[in-house]
Amino acid sequence: MAAKHRSSLRQMDVHPALAPLMFLTGTWVGSGRGDYPTIQAFAYDEEISIVPLGAKPMLRYSQSTWRAGTKEPLHTEFGYFRPAGTDAAELVIAQPTGITEIHTGGIDGRGVVFRSVSVERAPTAREVATVERRIAVDGDRLTYELLMGAVGQPHQLHLEATLHRS
Ligand code: HEM
């Protein structure tokens with residue numbers, strides 16, 4: 001009886017509204033490269049964790065990066081994926097660089113494209129006007145591209161990465 005109770009609790013733990021986003025969940029490890037007209041191209045290692053937020057209809061997202069092959073920390077960010085029906089979602093992200101992003105996105109199978117509806121910055125943060133995050137999962141492989149319009153430059157690629165479910 002106790003085991004049955006535990007198992008039904010586990011099923012209830014994931015909110016049903018999360019179903020269209022569950023393909024994103026897991027711990028993902030991999031690497032990427034970044035570039036922008038104003039900076040030197042760079043390579044990075046990355047770890048991403050995306051997990052249901054208890055029984056609530058949100059996924060908690062955390063990300064850390066390091067300069068490729070080193071322990072030197074680069075960018076890190078935290079946020080939440082929020083389902084918005086069966087084929088749409090919202091994404092909220094905070095960065096230690098003083099930037100916050102709010103996105104709306106469309107889900108297509110195991111892919112989702114988020115476009116910022118709001119990017120806010122602390123008074124001393126660098127200027128970021130637009131952000132777009134394209135994420136796709138194929139089996140145990142997650143790929144993404146991040147585009148941004150920042151520091152006076154038109155919207156274009158900043159990052160692309162490939163990670164594997166660990
Ligand atoms: C995997 C995540 C990321 C990594 C590894 C990364 C790494 C870097 C590196 C190494 C630089 C150049 C050196 C520096 O200025 O620190 C840079 C510049 C920059 N990044 Fe990123 N970044 C990431 C995500 C983001 C995101 C999410 C945004 C904005 C929403 C962003 C905005 C910028 C801006 C505005 C610059 C400065 C361009 C300039 O001042 O000319 N980055 N990034």
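As a basis for the values below, the full set of heavy atoms in this structure was taken, side chains included, without hydrogen atoms, waters or symmetry mates. First listed ligand is number 1; within each ligand, the first listed atom is number 1.
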Worksheet entry | Shortest heavy-atom approach to atom 26 (C) of ligand 1 - which of Q153, H75, E160 |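 Ranked by closest heavy atom to atom 26 (C) of ligand 1, first place is H75.
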Worksheet item: Under a 4.0 Å N-O cut-off, is there an ion pair linking E101 with R133?
Response: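 Yes, this pair counts.
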Worksheet item: Is atom 30 (C) of ligand 1 close to the protein, meaning a heavy atom under 4.0 Å from it?
Response: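 Answer yes: something from the protein, a heavy atom, is under 4.0 Å.
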Discussion item. Would Y44 count as being in polar contact with ligand 1, using the rule that some N or O on each side must be under 3.5 angstrom apart?
Written reply: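 Between Y44 and ligand 1, no N or O pair is found under 3.5 Å apart.
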Worksheet item: Does an N or O anywhere in R67 fall below 3.5 Å from an N or O of ligand 1?
Response: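 In fact, backbone or side chain, R67 has no N or O that close.
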Looking at [X], which atoms of ligand 1 are within less than 4.0 Å of one of its heavy atoms?
| X | result |
| --- | --- |
| R133 | 27 (C) |
| E77 | 27 (C) |
| Y144 | 1 (C) |
| L146 | 27 (C) |
| V131 | 30 (C) |
| Q63 | 1 (C), 2 (C) |

Discussion item. Ring centres under 6.0 Å, that's the criterion: do Y61 and F81 meet it?
Written reply: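 Ring-ring flag for Y61/F81: true, centres closer than 6.0 Å.
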Please report which non-hydrogen protein atom sits nearest to [atom], along with the residue it belongs to and the distance in Å to one decimal place.
| atom | value |
| --- | --- |
| atom 5 (C) of ligand 1 | T65 OG1, 3.6 Å |
| atom 7 (C) of ligand 1 | F42 CZ, 3.1 Å |
| atom 32 (C) of ligand 1 | M148 SD, 3.4 Å |

So is [X] close enough to ligand 1, meaning a heavy atom under 4.0 angstrom away?
| X | value |
| --- | --- |
| E132 | no |
| W66 | no |
| Q40 | no |

Worksheet item: Any chance OH of Y80 has more than 12 other-residue heavy atoms, nucleotides or ligands included, within less than 6.0 Å?
Response: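 No, the 6.0 Å shell around OH holds no more than 12 heavy atoms from other groups.
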Practice prompt. Would you indicate whether R110, at its atom CZ, is surrounded by more than 12 heavy atoms from other residues, nucleotides or ligands within a distance under 6.0 Å?
Written response: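 Result for CZ/R110: enclosed.
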Fill in: Spacing of S62 atom OG and I93 atom CD1 [to the nearest 0.5 Å]
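Interatomic distance, S62 OG to I93 CD1, rounded to 0.5 Å: 11.0 Å.
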Discussion item. Do Y44 and E72 pair up side chain to side chain, a donor and an acceptor below 3.5 Å, judged on atom types alone?
Written reply: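 Short answer, no.
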Worksheet item: Do T130 and H155 get their side chains close enough for a donor-acceptor pair, meaning under 3.5 Å?
Response: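 Note: T130 and H155 side chains meet the donor-acceptor criterion.
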Worksheet entry | Heteroatom test (N, O or S) for H158 near atom 21 (Fe) of ligand 1, limit 2.8 Å |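 Under 2.8 Å: H158 contacts atom 21 (Fe) of ligand 1 through an N, O or S atom.
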